[in-house]
Amino acid sequence: MDHLLLRTLIAVALFAAAAVLIGLSFGATAGWVSFSVGVLLLLFHHIRHVDRLVRWLQNPTPGRVPDGRGAWDHVFAVLHRYERLQTRQHQQLARTLARFRQAGRAHPDGVVILDADNRIEWCNDTAESHLDLNIETDAGQPVTNLVRQPEFVAYVESRDYAHPVELRAPRGAGVVLSVQIIPYGDAQKLLLSRDITRLEKLETMRRDFIANVSHELRTPLTVLSGFLETIKELKLDPKRSRDYLNLMAEQSKRMERIVDDLLTLSTLESAPGPSLDERVRVAPLLDRLRAEAEALSGGKHKVVLDAEAGFDLLGAENEIASAFGNLMSNAIRYTPAGGEVRLTWRASANEAEFAVQDTGIGIAPEHIPRLTERFYRVDRGRSRETGGTGLGLAIVKHILTRHQATLDIASEPGKGSRFAARFPARRVVPVTTIPEGAAGPRASTLRSAS
Ligand code: ADP
């Protein structure tokens with residue numbers, strides 16, 4: 001502004017000098033008139049620029065700062081620079097804000113920003129779906145009007161946000177959320193929601209599993225300790241003692257089988273995925289399986305092997321042998337004497353299927369989806385009688401999943417069952433691809449058919 005003042009004073013001084021010269025030449029009146037006209041023109045010039053300035057200030061459109069003449073040229077140039085700086089800072093701020101919002105949106109957890117009165121200021125898409133919110137319509141509303149679960153309302157009102165609270169999601173059956181409020185800034189709050197359904201399920205499974213294992217082991221243990229007490233307390237004749245000892249041996253065998261199966265499952269869980277380099281020679285494996293089936297049956301069943309030649313499997317031989325062995329032993333165990341157990345192997349370049357079909361007791365449809373759960377049995381007594389642990393099919397399912405294979409079960413009570421393991425193309429290989437002997441050593445059996 002100094003610049004403007006200086007230039008105005010210089011202009012007035014020049015007008016005054018010119019007026020003096022005109023006064024000396026044409027008389028005082030002419031001098032005064034010309035001075036007044038000069039000052040009026042200067043005034044008009046300033047008023048015009050002030051008017052432009054005021055009009056721009058009323059609607060300061062970026063990039064539209066007016067042009068000025070004379071001293072005003074400098075004034076508007078300064079204004080222009082200032083306005084450009086402002087626009088740049090504004091754009092930078094807007095970009096930063098947009099990036100923050102994008103980050104908030106991309107966050108896998110739900111994020112809600114609440115003001116001091118717990119009104120919703122902003123939330124991301126995950127929070128919308130977790131808490132059934134809609135930012136378009138719900139912005140400015142108290143969060144407790146929209147998320148009404150009593151435990152959540154109590155949590156918000158408690159003002160104690162040291163720990164999260166667990167709630168069922170308003171929408172989405174069975175979804176469990178962990179919600180925590182984090183106060184920040186000027187009495188504002190960040191509400192975070194996390195989907196912990198899977199964790200909850202795992203926790204329930206862990207609890208059930210421990211309860212099941214304890215129960216499964218407690219029964220034979222109770223029997224064992226009962227017999228021990230009897231032998232200790234009573235004087236038994238040698239035959240009775242031998243009978244008791246045999247029964248005790250049976251119970252401890254049962255516990256051993258349960259522990260072995262649990263160890264097998266835990267080995268499978270921690271082992272790396274089966275490789276695609278190891279060839280499982282299916283033909284000899286099936287021959288061994290048939291021999292095992294006949295031994296297990298003790299001549300009480302007709303065992304049939306119906307195998308196509310030409311394709312082998314890629315994977316862990318001990319695991320495949322264990323899975324096939326379990327399916328076979330189940331068929332023998334759940335098929336009354338005189339029935340038939342058929343082992344089939346069908347393979348092409350696209351897929352391979354190993355199936356065990358029996359003419360046994362069959363399974364009612366409601367049990368089929370649960371058969372691969374640990375310790376699930378249709379008939380506990382029958383499973384126990386035949387030496388079952390309730391873990392065989394869980395092991396089979398685990399092994400097949402590790403080989404990207406599926407287990408299909410079809411059954412009809414009283415008629416029989418068919419258990420089929422289906423392998424995808426990547427696990428199937430023509431018998432001739434790898435030369436004999438290049439398949440590596442034969443692995444030990446993981447869980448033998450019992
Ligand atoms: P288990 O050791 O009790 O046999 P599994 O996990 O191998 O345990 O099988 C689970 C249950 O599935 C068995 O208890 C039995 O009720 C049923 N099952 C399995 N295979 C057959 C089959 N071939 N025929 C009828 N029921 C079967």
Side-chain angles (χ1 to χ4, degrees), residues 205 208-209 212-213 215-217 219-220 250-251 253-266 268-269 289-290 292-294 296-297 300-305 319-344 353-402 405-421 445-450:
M205 271 168 64
D208 288 355
F209 181 66
N212 278 332
V213 172
H215 176 79
E216 293 290 335
L217 291 176
T219 316
E250 218 173 82
Q251 294 305 320
K253 258 261 152 301
R254 192 173 144 207
M255 285 199 296
E256 212 176 290
R257 275 198 303 270
I258 294 174
V259 173
D260 282 350
D261 280 359
L262 287 171
L263 283 174
T264 300
L265 273 171
S266 107
L268 286 172
E269 269 164 5
L289 203 65
R290 193 224 327 241
E292 277 173 29
E294 276 163 353
L296 203 63
S297 156
K300 294 197 196 94
H301 305 86
K302 182 177 171 200
V303 178
V304 182
L305 172 62
E319 294 185 24
I320 299 287
S322 166
F324 289 7
N326 270 300
L327 295 178
M328 174 278 287
S329 85
N330 277 355
I332 299 278
R333 284 164 49 226
Y334 296 105
T335 301
E340 180 184 292
V341 171
R342 177 177 286 266
L343 314 171
T344 55
E353 183 194 86
F354 167 76
V356 182
Q357 183 147 14
D358 63 51
T359 55
I361 58 172
I363 307 154
E366 67 270 23
H367 296 292
I368 291 180
R370 301 196 58 190
L371 291 183
T372 55
E373 285 176 24
R374 292 167 190 199
F375 296 117
Y376 189 87
R377 289 108 151 185
V378 176
D379 178 345
R380 212 161 258 277
R382 177 153 196 151
S383 157
R384 202 165 296 150
E385 261 170 43
T386 58
T389 60
L391 294 168
L393 288 181
I395 293 173
V396 171
K397 174 83 185 180
H398 219 91
I399 291 173
L400 294 185
T401 306
R402 282 162 59 77
T406 55
L407 178 66
D408 292 344
I409 307 170
S411 187
E412 213 178 310
K415 290 217 164 144
S417 314
R418 184 175 193 273
F419 287 73
T445 309
L446 197 67
R447 185 216 202 222
S448 52
S450 46

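Note that the structure is a prediction, hence the values are computed from the model and not measured. Order of appearance sets the numbers: ligands from 1, and atoms from 1 within every ligand.
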- Message: F419: which residues meet the ring-ring contact (aromatic ring centres under 6.0 Å, His included) condition with it, sequence neighbours left out?
- Response: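 Checked F419 against ring-ring contact (aromatic ring centres under 6.0 Å, His included); zero matches.
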
Hey, does [X] come in under 3.5 Å of ligand 1, counting only N/O atoms on both sides?
| X | value |
| --- | --- |
| L393 | yes |
| V378 | yes |
| G392 | yes |
| G390 | yes |

- Query: Does ligand 1 have an atom that lies less than 4.0 angstrom from a heavy atom of H367?
  - Reply: no

- Item | Ionic contact status for R377 with E385, cut-off 4.0 Å | no

- Message: Using a strict threshold of under 4.0 Å (side-chain N to carboxylate O), is an ion pair present between K397 and E373?
- Response: no

- Please round to the nearest 0.5 Å and tell me the distance separating atom CG of L268 and atom CG of L263.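 Rounded to the nearest 0.5 Å, the CG-CG separation comes to 11.0 Å.
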
- Spacing of L265 atom CG and I399 atom CD1 [to the nearest 0.5 Å]: 8.5 Å

- Item | R374 to F209, cation-pi by 6.0 Å centre distance and 45° axis angle | yes

Side chain, backbone, both or neither: [X] near ligand 1, heavy atoms under 4.0 Å:
| X | answer |
| --- | --- |
| T372 | neither |
| I363 | side chain |
| Y376 | backbone |

- What pairs with T359 under side-chain hydrogen bond (donor to acceptor under 3.5 Å, both in side chains), at least two apart in sequence or on another chain?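 Partners of T359 under the side-chain hydrogen bond (donor to acceptor under 3.5 Å, both in side chains) test: none.
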
- Message: Closer than 3.5 angstrom, by distance alone: can the side chain of D358 be matched with the main-chain N or O of V341 as a donor-acceptor pair?
- Response: no

- Of all the atoms in ligand 1, which lie at a distance below 4.0 Å from a heavy atom belonging to R333? 1 (P), 2 (O), 4 (O)

- Item | Contacting atoms of ligand 1, where contact means under 4.0 angstrom from a heavy atom of R377 | 3 (O), 14 (O)

- Of the listed options D358, N330, D379, closest to atom 7 (O) of ligand 1 (non-hydrogen atoms): N330

